[in-house]
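Working notes, structure below.
Keep in mind that the numbers below use all heavy atoms, side chains included, and drop hydrogens, waters and symmetry copies.
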Amino acid sequence: MSKATKTAITPTRQEDYPEWYQQVIKAADLAETSEVRGCMVIKPWGYALWENIQRNLDIKFKETGHRNAYFPLFIPKSFFEKEAEHVAGFAKECAVVTHTKLEDDGQGGLKVSGELTEPLIVRPTSETIIGASFAKWVQSYRDLPLLINQWANIVRWEMRTRIFLRTTEFLWQEGHTVHATYDEAMEETIKMLGVYADFAREYLALPVIKGEKTPAERFPGALNTYCIEAMMQDKKALQAGTSHFLGQNFAKASEIKFQNKDSVVEYAWTTSWGVSTRLIGALIMAHSDDNGLVIPPKVAPEHIVFIPIYKSEEDRIAVLNFTKSIISEIKKLRYNDEYLRIELDDRDINNGEKNWQWIKKGIPIRIEIGPKDLENDSVFMGRRDKEPKDKKSEKRLDFINNIVSILDEIQENIFNKALNFQIENTKNIDNQKEFYDFFTAKNQEKPEIHGGFAMSHWCENEECETKIKDDLKVTIRCIPTSTNKETESGQCLICGKTSKRRVLFGKSY
């Protein structure tokens, strides 16, 4: 019997996927749990990843005419009460500030005092507080459209937390816009969904399915919610971004009105849209393997690490000089409109251990240089999209000339691997028994194991949607917006009534 390949991460994905996810984060030194329940500390490697996501998204937002602003963390309770459906949707997740200070209790401890006249909600989302500002900023059709984005933190009192996927506090961006007409606001909603989808595919190497949420799954207070859904390696769906058409609901709640060209005062039309540090969780679960994190080069904290190898002081000086000469040549090169991000790791630790640390951190390219490489004017290269032992020697000049195209190839390979996985585990299903079998674990010790995504018919009746959710913990992830085979008619899986098109079913996070 052949010996099982030893991996850096235990347990493996097949043995215990949730624990594997936590171990990848730990091995890559991305983040850790905080002393505050449900919160995380994002460590430098993880935060650099978020900075790259943030920077590239911010460029896209500004290219589409949006400007950044910042609004208060605290929202008066009365603001939430203006939009009933909205407050009902977030009520159970709200953290509330009721007092302003601590005082000595005379017994060696502290007591809470200074009760507020009105409680303040710690921001779970910002529609209501931003709406208060927009009501002052918008007076005339000439003030429209108003296109604002905010980079901020959010607090939602989650019962079950998991680093990057669902934490009490997390980082995100939220776009909020105001428009003169229904059509303009709807166009904005769909456009920003496209920005998210393009970013996920081009930067995160994450194939996503665009679509609209069912009424039962909409953002509280929205008329329509659109989303991008991605498949993780346990075949579950992860909602990676949302864009909401709010209609005039929030404009009426916040009194966002304008005088149109005919001098008639009317309510504006608004949108909101957002992504968060959950994108890091998506990246981890979609691409990583049993040796640790795998990062697409376009968002990697560093593109290349150079690992000099030597035994004597004489070799050390020669190898470092050779390495630094290569770095000086390639640091001027640009990849994805940025200079290459390069790390020189000359720490005094075992070279094998050093190499494995970088594999687990997911850096796209590892370059080892020793005395023999100097003699051959070459480098020894390992790529994170290939097996750890799959390393080869490259002539120095060839490496320098090809490094940008190699990074492009790695980015493409990571995307194609994820795309093929999604395609292989997505199935058109028209039979109820087949559908239930698809989402029912064969191994009862691992109930999380199931078939993947099902493209099936639904009659648009909430009762049928709820039955599937209750029976299988499977939800309609979205009604895909593409215009291909999903639009063929059929019969609802549950009741047999006519269905206009297929929708995307899956288990989710």
Side-chain angles (χ1 to χ4, degrees), residues 8-9 18-61 68 70-71 73 93 95 122-126 149-175 196 199-200 203-206 230 232 238-242 274-288 292-303 305 338 341 343 345 357-364 384 509:
I9 304 298
E19 181 59 25
W20 165 85
Y21 172 76
Q22 301 292 345
Q23 292 304 319
V24 170
I25 292 172
K26 182 178 179 181
D29 207 29
L30 290 174
E32 63 187 20
T33 55
S34 165
E35 299 304 314
V36 180
R37 183 203 166 278
C39 293
M40 62 178 168
V41 175
I42 305 176
K43 301 179 82 171
W45 191 251
Y47 197 78
L49 181 51
W50 175 243
E51 285 180 312
N52 290 337
I53 291 171
Q54 182 184 37
R55 182 174 64 256
N56 286 293
L57 265 177
D58 200 61
I59 290 170
K60 290 183 177 294
F61 295 156
N68 289 333
Y70 187 80
F71 299 86
L73 173 67
E93 298 178 343
V122 183
R123 174 174 54 211
T125 183
S126 298
N149 177 63
Q150 171 175 239
W151 293 97
N153 62 338
I154 287 294
V155 172
R156 293 180 184 172
W157 216 257
E158 299 283 359
M159 295 302 293
R160 297 180 182 87
T161 59
R162 189 179 299 184
I163 290 179
F164 290 122
L165 296 181
R166 199 175 290 277
T167 50
T168 300
E169 180 190 10
F170 55 92
L171 305 180
W172 82 347
Q173 62 73 212
E174 49 181 323
Y196 287 153
F199 178 80
Y203 286 79
L204 303 179
L206 194 65
M232 304 297 98
L238 186 75
Q239 182 178 285
T242 51
V275 296
S276 73
T277 37
R278 171 177 273 216
L279 289 177
I280 297 178
L283 183 153
I284 295 167
M285 292 197 295
H287 304 314
S288 300
L293 185 64
V294 174
I295 312 178
K298 287 187 177 181
V299 293
E302 307 286 352
H303 295 119
V305 61
E338 298 178 312
R341 296 187 283 274
E343 179 87 15
D345 189 350
Q357 284 182 4
W358 287 106
I359 289 171
K360 289 186 285 189
K361 288 171 80 73
I363 199 162
R384 193 60 185 89
Y509 285 90

Pair L165-Y21, side chain to side chain contact (heavy atoms under 4.5 Å, CB included): steps then yes or no: CA-CA 11 Å; L165 296 181; Y21 172 76; 3.5 Å; yes
Test log, rule side chain to side chain contact (heavy atoms under 4.5 Å, CB included), inputs V299 and I295: CA-CA 7 Å; V299 293; I295 312 178; 4.1 Å; yes
Mind running side chain to side chain contact (heavy atoms under 4.5 Å, CB included) on F164 and M285 for me, showing each step along the way? CA-CA 11 Å; F164 290 122; M285 292 197 295; over 6 Å; no
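At distances below 3.5 Å, at least one donor-acceptor pair connects side-chain atoms of H287 with backbone N or O atoms of A205. Judged by distance alone, with hydrogens and angles left aside, the side-chain atoms of Y203 form no donor-acceptor pair with the main-chain N or O of P296 at under 3.5 Å. With hydrogens and angles ignored, the 3.5 Å screen pairs a side-chain donor or acceptor of S288 with a backbone N or O of V294. Within the 3.5 Å criterion, the main-chain N or O of W151 finds no donor-acceptor partner in the side chain of E174. In this structure, R278 contributes its side chain and A240 its backbone to no donor-acceptor pair below 3.5 Å.
The side chain to side chain contact (heavy atoms under 4.5 Å, CB included) with R156 is formed by just one residue from the set V122, T167, T168, T125; it is T125.
Taking each heavy atom of V155 and A95 in turn, the nearest pair found is CG1-CB, 4.0 Å. Closest approach of I284 and I25 over heavy atoms only: CD1-CG1, 3.7 Å. Taking each heavy atom of L293 and K361 in turn, the nearest pair found is CD2-O, 3.3 Å.
Salt-bridge annotation for E302 and R341: absent, with no side-chain N of the basic residue lying under 4.0 Å from a carboxylate O of the acidic one. Electrostatic pairing of K43 and E32 counts as a salt bridge here, judged by a charged N lying under 4.0 Å from a carboxylate O.
A donor atom on one side chain and an acceptor atom on the other are not found under 3.5 Å apart for N153 and W172.
Y509 OH to R162 CZ: the interatomic distance, rounded to the nearest 0.5 Å, is 5.5 Å.
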